[in-house]
Asker: 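After the structure tokens below, expect a handful of questions from me.
Chain letters run A, B, ... following the sequence lines, proteins first and then strands; every chain starts at 1. Note that the coordinates shown come from a computational prediction; the quantities given were computed from them, not determined experimentally.
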There are 2 protein chains.
Amino acid sequence: MDAIDQRIISCLVSDARSSYAEIGKSVGLSAPAVKRRVDKLLDTGVLRGFTAVVDPEALGWGTEAFVEVHCRGNITPGEIRSRLDPLPEVVAAYTVSGAADAIVHLRASDIHHLETVLERLRAVDIIDRTISTVVLSTLLDRPPAPEH
Amino acid sequence: MDAIDQRIISCLVSDARSSYAEIGKSVGLSAPAVKRRVDKLLDTGVLRGFTAVVDPEALGWGTEAFVEVHCRGNITPGEIRSRLDPLPEVVAAYTVSGAADAIVHLRASDIHHLETVLERLRAVDIIDRTISTVVLSTLLDRPPAPEH
DNA sequence: AATGAAAGCCCCTTGAA
DNA sequence: TTCAAGGGGCTTTCATT
């Protein structure tokens with residue numbers, strides 16, 4: 001992982017479909033050299049893959065919320081994960097410091113759908129109570145910069 | 001946006017670098033037909049682009065936090081956005097319902113760096129106070145499914 | 001309007017150095 | 001790491017439905 005790798009990653013973060021030749025031009029390497037570096041970054045797990053960025057509204061996921069989840073008793077992170085995984089509306093979940101056991105990021109088609117999801121979430125037997133915060137607007141949403 | 005478009009999007013979400021020919025094989029279309037649909041999805045904004053998924057640890061962004069931001073007086077979302085934008089550690093920010101004005105998603109290299117970022121955040125003059133929640137582990141992190 | 005077929009060009013990929 | 005070559009993908013044009 002040197003400076004050139006970081007610049008290659010930057011190129012791929014801003015456009016994952018750019019060609020090795022293009023990337024090479026911008027970092028001063030030949031296309032095969034870039035490909036070999038990218039392959040190595042994928043092998044070592046620095047690069048996890050490539051994905052399309054989709055407009056959630058266009059797919060009918062217009063409503064978003066963050067939910068603090070409080071569980072009963074002593075629950076392992078793995079247990080929480082396995083209970084949240086079956087809910088497709090859960091796009092992210094974290095264990096956190098503080099009073100809550102987890103923060104869950106939800107996406108639903110609308111407020112009514114969100115209500116349904118929250119009911120299903122509260123019906124999970126390890127979950128004691130939830131505190132929801134509905135997202136009104138997204139101010140920023142961007143990948144972390146490669147350099148500090 | 002029909003069922004074939006959704007399947008094309010699914011393919012690109014799971015691997016943004018797959019070829020049009022490959023996608024075509026999986027959705028039953030020729031490569032040029034797939035390309036034309038992808039171009040249209042990009043034009044209409046359903047697809048916003050393609051990006052690499054990077055391991056944050058590997059880039060030195062090992063520590064994560066969510067911060068409730070409370071502002072002074074009446075502040076517009078645009079105002080909040082413009083104040084958060086210069087901070088590279090802010091990876092996402094939302095205006096929300098409830099008492100807080102915004103939720104900010106932060107990434108830092110470690111706890112010390114996180115502390116520095118929180119200080120810089122609290123130094124923003126429109127910000128009154130902040131409540132931070134440090135992420136202990138990521139349970140789930142996935143793109144929203146194309147179908148409900 | 002959307003698709004498939006074909007052609008030319010460019011790119012990817014591998015081997016050699 | 002680069003260069004070189006073969007194979008394959010991309011992109012445009014054209015004709016069809």
Side-chain angles (χ1 to χ4, degrees), chain A residues 1-62 109 141-148, chain B residues 1-61 141-148:
Chain A
M1 257 292 278
D2 59 3
I4 295 181
D5 282 335
Q6 292 200 340
R7 291 174 61 197
I8 291 174
I9 291 171
S10 286
C11 290
L12 287 169
V13 165
S14 55
D15 182 8
R17 282 184 77 82
S18 53
S19 72
Y20 296 131
E22 268 179 304
I23 299 168
K25 221 172 297 176
S26 116
V27 306
L29 243 55
S30 69
V34 173
K35 180 198 161 23
R36 277 162 186 149
R37 278 173 179 259
V38 171
D39 285 345
K40 184 165 291 180
L41 289 169
L42 285 167
D43 272 349
T44 56
V46 176
L47 281 176
R48 291 191 180 155
F50 307 99
T51 189
V53 182
V54 181
D55 179 9
E57 304 272 353
L59 262 72
W61 298 95
S109 52
D141 192 7
R142 60 189 180 193
E147 70 285 345
H148 298 197
Chain B
M1 257 292 277
D2 59 3
I4 295 181
D5 282 335
Q6 292 200 340
R7 291 173 62 197
I8 292 174
I9 291 171
S10 285
C11 291
L12 288 169
V13 165
S14 54
D15 182 8
R17 282 183 78 81
S18 53
S19 71
Y20 295 132
E22 269 178 302
I23 299 168
K25 221 173 296 175
S26 117
V27 307
L29 242 55
S30 69
V34 173
K35 178 194 160 32
R36 284 190 279 256
R37 278 172 179 261
V38 172
D39 285 345
K40 182 166 293 181
L41 289 168
L42 285 167
D43 273 348
T44 56
V46 175
L47 282 176
R48 290 188 180 158
F50 307 98
T51 188
V53 182
V54 181
D55 179 10
E57 304 274 352
L59 263 73
W61 299 95
D141 192 8
R142 58 189 181 194
E147 70 284 347
H148 296 197

Asker: Is any side-chain heavy atom of V54(B) less than 4.5 Å from a side-chain heavy atom of L47(A)?
Answerer: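 A side-chain contact under 4.5 Å exists here.
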
Asker: Separation of I4(B) atom CD1 from dA1(C) atom P, in whole Å?
Answerer: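 Nearest whole value for this atom pair: 18 Å.
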
Asker: Measuring from atom CD1 of I8(B) to atom CG of D2(B), what distance do you get when rounded to the nearest 0.5 angstrom?
Answerer: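 It is 8.0 Å, given to the nearest 0.5 Å.
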
Asker: What does the list of N/O pairs under 3.5 Å between the protein and nucleotides 15-17 of chain D look like, with a distance for each?
Answerer:
none

Asker: Starting at CG of D43(A), measure out to CZ of R36(A) and round the result to the nearest 0.5 Å.
Answerer: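 It comes to 13.5 Å.
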
Asker: Any idea which heavy atoms bring S26(A) and C11(A) closest together, and the distance?
Answerer: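 Of all heavy-atom pairs spanning S26(A) and C11(A), the closest is OG-SG, 3.4 Å.
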
Asker: In Å, rounded to the nearest 0.5 Å, how long is the span from CZ of R7(B) to CD1 of I23(B)?
Answerer: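 Reported value, rounded in 0.5 Å steps: 12.0 Å.
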
Asker: Heavy-atom distance under 4.5 Å between the side chains of F50(A) and V53(B), does that happen here?
Answerer: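 They are not in contact (no side-chain heavy atoms under 4.5 Å apart), so the answer is no.
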
Asker: Contacts to DNA chain C from residues 40-53 of chain B, heavy-atom cutoff under 4.0 Å, which residues?
Answerer: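 Result for residues 40-53 of chain B: K40(B), sorted by number.
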
Asker: Please give me the minimum heavy-atom distance between G49(B) and L42(B), naming the atom from each residue.
Answerer: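 Minimum heavy-atom separation between G49(B) and L42(B): N-CD2, 4.1 Å.
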
Asker: Rounded to whole Å, please give me the gap between CZ in R37(B) and P in dA1(C).
Answerer: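 Spelled out: CZ on R37(B) to P on dA1(C) is 15 Å.
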
Asker: Is there a side chain to side chain contact (heavy atoms under 4.5 Å, CB included) between R37(B) and L29(B)? Walk through the geometry before answering.
Answerer: CA-CA 10 Å; R37(B) 278 172 179 261; L29(B) 242 55; 3.5 Å; yes

Asker: Just how far, in rounded Å, is C1' of dG8(D) from NZ of K25(B)?
Answerer: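 Rounded to the whole Å, the gap is 11 Å.
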
Asker: If I compare all heavy atoms of L12(A) with all of S18(A), which pair ends up nearest, and what's the gap?
Answerer: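 L12(A) and S18(A) have their closest heavy atoms at CD2-OG, 4.5 Å.
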
Asker: How long is the span from the CG atom in D55(B) to the CG atom in L41(A), to the nearest 0.5 Å?
Answerer: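 If we round to the nearest 0.5 Å, D55(B):CG and L41(A):CG are 11.5 Å apart.
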
Asker: Along nucleotides 12-17 of chain C, 5' to 3', which nucleotides get a B, which get an S, and which get a -, given that the test is a protein heavy-atom distance under 4.0 Å?
Answerer: SBBB--

